[in-house]
Amino acid sequence: VDIIVVGRFTGSQALAAVGSTTALINMFVNLFIGVSLGANVLSARFYAAGKEREMSETVHTAMTFALISGIVMVFVGLFPADVIDQAALYMKIYFCSMPFFMLYNYGAAVLRAVGDTKRPLLFLIISGAINAVLNLFLVIAFSMGVAGVAIATVISQVISCVLVLWCLFTTDSCYRL
């Protein structure tokens, strides 16, 4: 409804501003709906079993978590404009790594499914270490700030992707690419 009203009665920039936040807002909304579904499952289970103490603890824990996370989200939404600009820059660069991120995760899932849990973990350790070193190097040596850490993340995602793809391309098993 927000997008319809802004699109109809204001300019295209307002429409773009509201529309561009939809995915981010939906991510947070869906995250907390998912957590609430977990509370729902526990509540139903304890209620059906007549476990009153566990039911009470679940309700109190869930509602406390809801209140605290709701308050935290208020502060997340109140970031100043300069923070939002830097966040947008970080996201623009970071999202360049998404194909590599997806390929790594799907490839690692295949490897884990066939019992190879060590190599995907090793690849994450390697790429995480490279990410940390590149973060420091790009931020300290080149004063690249947000762009530097985003670029380091892209490079580390590419490395983990290449390592998983190498496993899938060089195996002699039925899951060979």
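Small disclaimer: the values here were computed from a predicted structure and weren't measured.
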Report the C-alpha separation of S43 and Y47 in whole Å, then their side-chain angles, then the decisive distance to 0.1 Å, and conclude whether the side chain to side chain contact (heavy atoms under 4.5 Å, CB included) test is met.
CA-CA 6 Å; S43 298; Y47 181 77; 5.9 Å; no
Should I159 and F169 be regarded as members of a common hydrophobic cluster, given that ILVMFWY residues are connected when their side-chain heavy atoms come within less than 4.5 Å of each other, either directly or indirectly?
yes
Quick one: do V76 and M27 end up in the same hydrophobic cluster if we chain Ile, Leu, Val, Met, Phe, Trp and Tyr together by side-chain heavy atoms under 4.5 Å apart?
yes
Just how far is it from atom CG of N40 to atom OG1 of T58, taken to the nearest 0.5 Å?
11.0 Å
Roughly how far, to the nearest 0.5 Å, is CZ of R112 from CG of L121?
9.5 Å
Heavy-atom count around M73 CE within 6.0 Å, excluding the residue itself: above 12?
yes
Minimal non-hydrogen separation, A108 against V164, with atom names
N-CG1, 3.7 Å
Heavy-atom distance under 4.5 Å between the side chains of Y104 and S127, does that happen here?
no
Residues passing the side-chain contact (heavy atoms from CB on, under 4.5 Å) test with K51, sequence neighbours excluded, are F46, A49, E54
Quick check: closest heavy atoms across V146 and Q86, and the distance to 0.1 Å?
CG2-OE1, 2.9 Å
Less than 4.5 Å apart, side chain to side chain, heavy atoms only: is that true for F65 and F32?
yes
Calculate, to the nearest 0.5 Å, the distance between atoms OG1 and CD belonging to T64 and E57 respectively.
11.5 Å
Please say yes or no: joined through hydrophobic side-chain contacts below 4.5 Å, possibly via intermediate residues, are L122 and V110 part of one cluster?
yes
Output side-chain donor-acceptor pairs under 3.5 Å for residues 128-142, partner residues at least two apart or in another chain, one line each.
| from | atom 1 | to | atom 2 | distance (Å) |
| --- | --- | --- | --- | --- |
| N131 | OD1 | T153 | N | 3.3 |
| N135 | ND2 | N131 | O | 3.3 |

Locate the shortest heavy-atom distance separating Y90 from V149; write the atom from each residue and the value.
CE1-CG2, 4.0 Å
N/O donor-acceptor pair under 3.5 Å between T171 side chain and L168 backbone
no
Does Y175 have more than 12 heavy atoms from other residues, nucleotides or ligands lying within 6.0 Å of its OH?
yes
Restricting to salt bridge (Lys or Arg N to Asp or Glu O under 4.0 Å), what partner residues turn up for R176, sequence neighbours left out?
D172
List the atom of C161, the atom of L103, and the distance in Å for their closest heavy-atom pair.
SG-CB, 3.6 Å
Are I126 and I151 grouped together when hydrophobic residues (ILVMFWY) are joined by side-chain heavy atoms under 4.5 angstrom apart?
yes
Is the backbone of R53 close enough, under 3.5 Å, to the side chain of S56 for a donor and an acceptor to pair up by distance?
no
Closest contact, heavy atoms only, L111 versus P120
CB-CG, 3.9 Å
Would you kindly confirm whether M63 and I68 end up in one hydrophobic cluster when ILVMFWY residues are joined by side chain heavy atoms under 4.5 Å apart?
no
